[in-house]
Number of protein chains: 2
Amino acid sequence: MDERDVRLLKAISDLGTGSPERLHEETEIPVSTIHYRLNNLREAGVIENELYDLDLDALGLGVTVVIEVLADYSGSHEQLSERLLGVEGVTEAYFTMGETDFVVVARLPDSDDVERLIRAFEDIEEVDRTDSTFVIKSLRDGQRPLESYSLDTLVGMLADE
Amino acid sequence: MDERDVRLLKAISDLGTGSPERLHEETEIPVSTIHYRLNNLREAGVIENELYDLDLDALGLGVTVVIEVLADYSGSHEQLSERLLGVEGVTEAYFTMGETDFVVVARLPDSDDVERLIRAFEDIEEVDRTDSTFVIKSLRDGQRPLESYSLDTLVGMLADE
DNA sequence: GTTGAAAGAGCGCGCGT
DNA sequence: ACGCGCGCTCTTTCAAC
């Protein structure tokens, strides 16, 4: 991946579109090259799909909860991971170092549903304890991972030369 | 938003594409109706853009850190929020109730960069203390918020009738 | 609100350079 | 890496229900 790829990905993130035409206007890269590059990025596994940016508040999933999960997983964490991911509403799950074993983020329709969620976690055998933190306001939701980086930083970090 | 809209959004999430043709195959909804619906969802603010699903590991942002930020924000949290979001690498930020004031998730190229990140937070005036948790493995990264829900649950939660 | 047909625009892809 | 051109998909409109 070189600077051009990075500029392309950043442009997609900034513009919020994958349209070759629009990307060409932004990056000055010829349309057919954009095509060529995007295909390579696809094959490299960097780009996986095309999706939409959803406004979760507008959708009706306005409640966000961050849950720390402490668990007793004997040996492998695989099975427990599966169970955690199986709980409806879980949008993110991280297996972590340190005091807590997992950090989970969930999106729910309303506060009432939080009870259901916590109960679902507590009902999992391996789970010892959960610690929930309510989110008052979601400042950034992670649907555009490249958003926070400047183009220069990205080029410096990710470009091969 | 009715059941049909929900089925459409779920299909987009499951298939990982916004292609009207593919969505038609999946949902049985005629192509021109899919167009009509998607436009309405756009105007309602539910759909905001079209993006790509990025594999952050493949991209070179393989390190994930969850940071709890304790801060002394006098009155409004707006300004502090801006400063937190200004730190490069921050993909998610939540203003929360409870012991911690903010929960932040960041994606970084390598562990060395974590130091830069923490320092950037500590350099913000209002920030009193930070507590970082390293992520060993990212089990789900939140780029498809509807993923965890079954179609039935979504219809029950979000459809108007 | 839903649908099909039809026309126009934009895209996907291969070839040649 | 880039331009060109063909065929295809998607987009938009419109008339009908």
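Within every chain, numbering begins at 1; the chains are lettered A, B, ... in the order of the sequence lines, protein sequences first and strands thereafter.
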Asks: Under 4.0 Å, counting only non-hydrogen atoms across every strand here, what does B/Arg37 touch: a base, just sugar-phosphate, or nothing?
Replies: sugar-phosphate
Asks: If you round to the nearest 0.5 Å, how far is CG of A/Leu54 from CG of A/Asp57?
Replies: 11.5 Å
Asks: For D/dA16 versus C/dG8, give the span between their C1' atoms, rounded off to a whole number of Å.
Replies: 22 Å
Asks: Got a salt bridge between B/Arg119 and B/Glu122, using NZ or NE/NH1/NH2 to carboxylate O under 4.0 Å?
Replies: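 Answer for the salt bridge query: no.
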Asks: Check the distance between D/dC10's P and A/Glu50's CD and give it to me in whole angstrom.
Replies: 9 Å
Asks: Is A/Asp123 paired with A/Arg83 through a side-chain N to carboxylate O contact shorter than 4.0 Å?
Replies: no
Asks: Nearest whole Å is fine: how far is D/dT9 P from B/Glu25 CD?
Replies: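 Between P of D/dT9 and CD of B/Glu25: 10 Å.
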Asks: Between protein and nucleic acid, restricted to nucleotides 3-5 of chain D and to nitrogen or oxygen atoms under 3.5 Å apart, what atom pairs and distances do you find?
Replies:
from	atom 1	to	atom 2	distance (Å)
D/dG3	N7	A/Ser32	OG	2.8

Asks: Write down the distance between CG (B/Leu23) and P (D/dT9), rounded to a whole number of angstrom.
Replies: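 One finds 15 Å between P of D/dT9 and CG of B/Leu23, rounded.
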Asks: Take atom CD of A/Glu21 and atom P of D/dT11, then tell me their distance rounded to the nearest Å.
Replies: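 A/Glu21 atom CD is separated from D/dT11 atom P by 15 Å.
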Asks: In whole Å, what is the span from the CG atom of B/Asn39 to the P atom of D/dT11?
Replies: 9 Å
Asks: Please tabulate, one pair per line, all N/O donor-acceptor pairs under 3.5 Å involving side-chain atoms of residues 88-96 of chain A, not counting sequence neighbours.
Replies:
from	atom 1	to	atom 2	distance (Å)
A/Glu88	OE1	B/Thr153	OG1	2.8
A/Glu88	OE2	B/Ser150	N	2.7
A/Glu88	OE2	B/Ser150	OG	3.1
A/Glu88	OE2	B/Thr153	OG1	2.8
A/Thr91	OG1	A/Val105	O	3.2
A/Glu92	OE1	A/Tyr94	OH	2.8
A/Tyr94	OH	B/Arg107	NH2	3.0
A/Thr96	OG1	A/Thr100	O	2.9
A/Thr96	OG1	A/Asp101	O	3.3

Asks: Check whether any side-chain heavy atom of A/Glu21 sits under 4.5 Å from a side-chain heavy atom of A/Val31, and report yes or no.
Replies: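 A/Glu21 reaches A/Val31 side chain to side chain.
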Asks: Main chain of A/Asp152, side chain of A/Lys10: is a donor-acceptor contact present, judged purely on distance under 3.5 Å?
Replies: no
Asks: Would one find a side-chain N or O of A/Ser19 under 4.0 angstrom from OP1 or OP2 of C/dC11?
Replies: yes
Asks: Let me know, please, whether A/Pro20 or B/Tyr36 comes out on the 5' side of the other along DNA chain C by nearest nucleotide.
Replies: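 Of the two residues, B/Tyr36 wins.
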Asks: Looking at side-chain heavy atoms only, is the closest gap between B/Asp113 and B/Val63 below 4.5 Å?
Replies: no
Asks: Could you tell me the separation between the CE atom of B/Met1 and the P atom of C/dG1, rounded to a whole number of Å?
Replies: 15 Å
Asks: Measure NE2/A/His35 against P/D/dA1 and give the value in whole Å, please.
Replies: 15 Å
Asks: Give the nucleotide from the list D/dC2, C/dT3, C/dC11 with an atom nearest to the side chain of A/Arg4.
Replies: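 Shortest atom-to-atom distance from the side chain points to D/dC2.
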Asks: Just the rounded figure in Å: distance from P of C/dC11 to CZ of B/Arg22.
Replies: 20 Å
